[in-house]
Amino acid sequence: MCGIFGIHGHADAAALSHLGLYSLQHRGQESAGIVSIGVDGNARASRRMGLIGEGLADFGGMAGDVAIGHTRYSTAGSSTIENAQPVLARFKDGHIALAHNGNLINATELRRELEDAGSIFTSTMDSEVLVHRIARSASTAPEDKLADALQNVEGAYSLVVTIGDTLLAARDPRGWRPLVMGRLGDSYVFASESCALDITGATAVREVEKGEIVAVDREGMRSSFPLPRRESRKCVFEYVYFARPDSRVFGGSVDRARRELGRRLAREWPAPAADLVFSVPDSSNSAALGFAEESALPFELALIRNHYVGRTFIQPTQAGRDAKVKVKYNAVREVLDGRSVVMVDDSIVRGTTTRGLVAMVRAAGAREVHMRVSSPPITGPCYYGIDTPNREELIAANFSVDEIAGMLGVDSLGYLSLDGMLGAVPGGPSGFCDACFSGDYPTPPPADPQKLRFGCGC
Ligand code: AMP
């Protein structure tokens, strides 16, 4: 997953992108970058491994009124500076810069075609394929170049792109990943989530629609729908886990979605004899509040999260993930000792976090641990931008709910049903991609899913 940001028509474009990326840090922590287009037409890039706050950019050298930015988490083996975005390249008409959130499922084939025709790549990212395709387009208008490049590209993409000093924002025809448009005075701002508009003082105007390309230049804004129409397939996991609760994505409130997921979970899997409810902070806070409200049980802070450690899952290796569970959480004995507790998490993927947390909660004296999960069992990999490509790694793809309860060491385990989840999210129940839960993939799976690990955009 990744976070993307773009702004056109503001004298502090690079600095505002920097600010916006702070609010998209949760979408990717491996690398960050900004490309700024100066009034002289020159493009400058600042990219680094690690977090935004760890010293990205010398903005003195990045004056300009157009900029795009990116926060990235990658799949295994590709966490290198060469793969940090935005991608920046020169071509016959000037510069192309591109930031991508999603995963192109036919990138391997597209890349081979380009390589057979002599193209040379500088990264292992799927996103670089798009830059080559833009450069090869015979069209004149920037939005037409992008439209040409996106023909026959399958998979998930929300994009911000600059061609010359035109800013483009686009979403794939199924609309897998979010992208919102806002205004800041006369400037146009685009971001993966509305929380990145809030931090810059921009006001949300609307979503970039699925299959839409928005172009912004000195003449103003233009919209077109040049891509084949497809059924909507918004990623439901954005509501379950990924987006920030203070954001609106896909036109709906993440907080409201998660509260409702928690309420429905409480109705499907009540725990009336429990003393209290707690969340696995931060991503399940809102769902746990919903569960507690619906059950009329107190909501307590039983696990404390160290905020100086990133999302456990967003670590490219298992060794990194294992070590981080203990570093990231600690239990509050005074809350847990002798109590029967409900632990709410938004999802179980590999089970690594949960197993460690249950042991921690028991060691702090909990008498009974009832685990409740505000999404269904994850039984399949995601090919559209979430880092779960191996079925073997998914605990629910390999074990029954009872077996998982035993492996985690809980007294009971309840997952929200698929219907419960789809009924809870704004705009549901149709129009979502729930493939990782249901096995209902909107595209044929890639011929070689491992190839996706050669280094996707996100
Ligand atoms: P696991 O320990 O592998 O079961 O991971 C589950 C934990 O990671 C939960 O606390 C989730 O909030 C979080 N999580 C779930 N899915 C993802 C994801 N795709 N990327 C990052 N974190 C995730």
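Scope of the values below: all heavy atoms of this structure, side chains included, with no hydrogens, waters or symmetry mates. Both counts, for ligands and for their atoms, begin at 1 and track the order of listing.
For ligand 1, the atoms sitting less than 4.0 Å from at least one non-hydrogen atom of I348 are 4 (O), numbered in the order shown with element in parentheses. Ligand-side atoms of ligand 1 in range of D345: 9 (C), 10 (O), 12 (O), range being under 4.0 angstrom from any heavy atom. Interface of T353 with ligand 1, defined as ligand atoms under 4.0 Å from a residue heavy atom, comprises 1 (P), 2 (O), 5 (O), 6 (C), 7 (C). Of all the atoms in ligand 1, the ones that sit under 4.0 Å from a non-hydrogen atom of I386 are 19 (N). Below 4.0 Å from some heavy atom of G351 lie the following atoms of ligand 1, by number and element: 1 (P), 2 (O), 3 (O), 4 (O).
Every residue two or more places apart in sequence or in another chain that forms a salt bridge (Lys or Arg N to Asp or Glu O under 4.0 Å) with R206 is listed here: E212. H370 meets the ring-ring contact (aromatic ring centres under 6.0 Å, His included) test with no other residue; sequence neighbours excluded.
When only interatomic distances are considered, the shortest N/O to N/O separation between R350 and ligand 1 falls below 3.5 Å. Residue-to-ligand polar distances place V349 within reach of ligand 1: an N/O pair is separated by less than 3.5 Å. Considering backbone and side-chain atoms alike, S283 places an N or O below 3.5 Å from some N or O of ligand 1.
Note: F121 and H132 meet the aromatic proximity criterion, with ring centroids under 6.0 Å apart. Centroid-to-centroid, the aromatic rings of F299 and F278 stay 6.0 Å apart or farther.
Between the side chain of T200 and the backbone N or O of L197, at least one donor-acceptor pair lies under 3.5 Å. Not one N or O on the side chain of R264 forms a donor-acceptor pair closer than 3.5 Å with the backbone of F291.
For the pair D387 and ligand 1, no heavy-atom separation below 4.0 Å is found.
The two residues H100 and H70 have their closest heavy-atom pair at O-NE2, 2.8 Å.
Here the shortest heavy-atom distance to atom 12 (O) of ligand 1, taken over V240, D282, D346, belongs to D346.
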